[in-house]
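A short write-up of the structure that comes next.
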Amino acid sequence: MISSANTKVTGAGPAEQKAPAPKKKGKLLNGYARDKMSGYLMAAPFILLFIIFIVVPVVWSLILSLTHYNIVQPMTWAGLDNYKDLFTNDDLFITACKNTFTYAIIVGPAGFLLSFLFAWLINQLKFRNAFAMAFYAPSLTGAVSMSVIWLVLFSSDRYGYINDKLISLGLISEPILWNTDPTYIMPVIIIIALWSSMGQGFLTNLAGLNNIPQDRYEAAQIDGIRNKFQELIYITLPSVKPQLLFNAVMGVVGALGVFDLATGIAGFPSPDYAAHTIVAHMYDYAFLRFELGYASAIAFILFILNFGLGRIFMKVFSSKGE
């Protein structure tokens with residue numbers, strides 16, 4: 001009797017223990033949905049502003065570029081006529097493209113390289129904060145203000161500092177018409193642009209260089225790196241790829257969008273259209289002639305150029321796969 005009772009008690013123990021209930025799949029999905037919705041809500045302000053100020057203007061510009069519209073008369077459908085006229089009948093647009101690409105090909109890469117080179121050199125100096133302020137100061141000045149200051153140097157009379165110095169040295173007998181002679185207008189604009197373009201890019205590169213951990217260089221020395229040039233190639237450049245990408249994209253946008261500096265130096269329109277750019281051409285048709293359909297076609301072409309070059313730079317400076 002005792003043994004049978006014990007057997008019943010012993011046998012009943014494990015049977016009475018309940019196994020843990022499995023988690024329901026619906027609850028997991030609901031939790032995942034809540035987390036996902038929270039992410040969407042946090043990103044909603046940015047998404048909303050992006051749609052309002054980026055997507056809508058681009059789409060509306062594309063629509064306008066396919067129409068004839070001058071504010072006064074009703075909008076009429078034009079199809080691709082505006083784009084055809086730009087590349088086949090508008091010689092001034094071709095001139096603007098040549099001037100803009102000449103400016104961008106020189107100022108973009110040169111400003112990009114110089115801003116990184118000076119940041120890398122000054123980062124190794126003792127008083128780098130003072131030098132950083134000196135290099136960053138030009139970016140705080142507007143293009144119109146810079147053109148006024150630089151015109152004192154490049155004035156086309158004897159009172160200009162450069163002309164006065166060249167005449168006193170006997171190198172020239174008459175003042176050079178820096179801002180009225182088509183031969184010199186674009187070189188002067190490029191010189192001023194190079195001086196001013198290093199401010200923001202320089203500061204960005206300097207911040208990236210300061211964020212590189214010092215132990216990374218120490219580990220590289222143990223692995224066999226012996227000089228600054230090897231550190232630059234194998235450690236510094238791969239570590240500042242995000243900053244290089246930012247400067248490359250901003251350099252392209254700034255170079256293709258040149259307008260204020262060119263008009264400040266050479267006026268609008270410039271002599272023989274030597275400083276006429278794509279943005280100046282768009283400004284002419286949008287705000288002087290009020291041909292908004294034609295101006296929107298120019299703006300959309302400029303958008304495609306910026307977007308395409310930006311994607312190329314993102315591929316070049318991408319950090320994926322490392």
Contacts under 3.5 angstrom, residues 247-265 side chains, donor-acceptor by atom type, not counting sequence neighbours:
residue, atom, partner, partner atom, Å
N247, ND2, G201, O, 3.4
N247, ND2, N205, OD1, 2.9
N247, ND2, Q243, O, 3.2
T263, OG1, F259, O, 3.0
T263, OG1, D260, O, 3.0

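- Close placement of the Y285 and Y294 rings is indicated, their centers lying within 6.0 Å of each other.
- Nearest heavy atom pair, residue H68 against residue W77, reads CD2-O, 4.4 Å.
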message = Quick one, E231 with N227, criterion side chain to side chain contact (heavy atoms under 4.5 Å, CB included). Give me CA distance, side-chain angles, the key distance, then yes/no.
response = CA-CA 6 Å; E231 287 183 355; N227 53 59; over 6 Å; no

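- For F307, the CZ atom counts as loosely surrounded, since its 6.0 Å shell holds 12 or fewer non-hydrogen atoms of other residues, nucleotides or ligands.
- Within 6.0 Å of CD in E174 there are 12 or fewer heavy atoms belonging to other residues, nucleotides or ligands.
- Scored by the side-chain hydrogen bond (donor to acceptor under 3.5 Å, both in side chains) test, N89 finds D85 as partners (sequence neighbours excluded).
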query = Where do I185 and T180 land on the side chain to side chain contact (heavy atoms under 4.5 Å, CB included) test, with the steps shown first?
reply = CA-CA 7 Å; I185 288 176; T180 57; 5.8 Å; no

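- Salt bridge status for R289 with D284: present, with a side-chain N to carboxylate O gap under 4.0 Å.
- A pairwise comparison of heavy atoms in L64 and N82 identifies O-ND2, 4.4 Å as the closest pair.
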request  = Please lay out, stage by stage, how Y69 and T76 fare under the test side-chain hydrogen bond (donor to acceptor under 3.5 Å, both in side chains).
outcome  = CA-CA 7 Å; Y69 182 50; T76 59; over 6 Å; no

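- Each of T183, L166, V188 was scored for a side-chain contact (heavy atoms from CB on, under 4.5 Å) with I176, with one residue passing: L166.
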From CA spacing to verdict: side chain to side chain contact (heavy atoms under 4.5 Å, CB included), H281, D90 = CA-CA 10 Å; H281 202 57; D90 194 345; 2.7 Å; yes

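- Rounding to the nearest 0.5 Å gives a distance of 12.5 Å between OG of S296 and CG of L302.
- Criterion: ILVMFWY side-chain heavy atoms under 4.5 Å apart, direct or through other members. Under it, I301 and L62 are part of a common hydrophobic cluster.
- If you check the side chains of Y83 and S65, you find a donor sitting under 3.5 Å from an acceptor.
- Under 3.5 Å, the side chains of S156 and N179 contain a donor-acceptor pair of N or O atoms.
- Taking the six-membered ring where the residue is Trp, the centroids of Y283 and F268 are separated by under 6.0 Å.
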